[in-house]
Amino acid sequence: MSDMKRPVDERRAGGKLADADCPFPSERRAAGREDATRHARLFWNHGGCMLLGVVLDQNAHGARIRFGDICAVPDAFYIEIEGSDRVRPAVIRWRSLTEIGVAFE
């Protein structure tokens, strides 16, 4: 499959999507996120389940978190981020194989 050429996206200009031709903006968040490499602990099932992850970036409204495997993470949980003095409720806004985007409630 490495010998196959990928189709060229004609909307790309200089390696980035051209805004005029792109129906979807590349940044959909209302507020940008700052890079932050901190540990996170997710809790659910009344504290009976916990998963450790790494916060890659965050802002006051949400974060992007990386895990080895996210299949067990429910749609809503509590999160504690290293350096913070509180545990906050959060919900998943998007998922990939190893990362989730969460919104703090």
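All heavy atoms count here, side chains included; hydrogens, waters and symmetry mates do not. Note that the structure is a prediction, hence the values are computed from the model and not measured.
Using modelled atom types, no side-chain atom of Gln58 and backbone atom of Ala63 make a donor-acceptor pair closer than 3.5 Å.
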List the atom pairs, donor and acceptor, that lie under 3.5 Å between side-chain atoms in residues 85-93 and the rest of the protein, sequence neighbours left out.
none

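With rounding to the nearest 0.5 Å, the separation of CG in Asn45 from CE in Met50 is 13.5 Å. Rounded to the nearest 0.5 angstrom, Ile65 CD1 and Leu42 CG are separated by 5.5 Å. Here the CH2 atom belonging to Trp94 is positioned 8.0 Å from the CD1 atom belonging to Ile100, to the nearest 0.5 angstrom.
Pairing each heavy atom of Ala40 with each of Val55, the nearest pair is CB-CG2, 3.7 Å. Closest of all the heavy-atom pairs between Phe104 and Asn59 is CE1-O, 3.6 Å.
Under the salt bridge (charged side-chain N to carboxylate O under 4.0 Å, His left out) criterion, the residue pairs touching residues 72-81 are Arg41-Glu80, Asp75-Arg95, with sequence neighbours excluded.
Residues passing the side chain to side chain donor-acceptor pair (under 3.5 Å) test with Glu105, sequence neighbours excluded: none.
In this structure the side chain of Arg38 never reaches within 4.5 angstrom of the side chain of Val54, judged on heavy atoms.
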- List the steps and the verdict of side chain to side chain contact (heavy atoms under 4.5 Å, CB included) for Leu52 and Phe67. CA-CA 7 Å; Leu52 299 174; Phe67 302 94; over 6 Å; no

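No chain of hydrophobic side-chain contacts below 4.5 Å, direct or via other Ile, Leu, Val, Met, Phe, Trp or Tyr residues, connects Ile81 to Phe43.
Sparse packing is recorded around OH of Tyr78, with 12 or fewer heavy atoms of other residues, nucleotides or ligands lying under 6.0 Å away.
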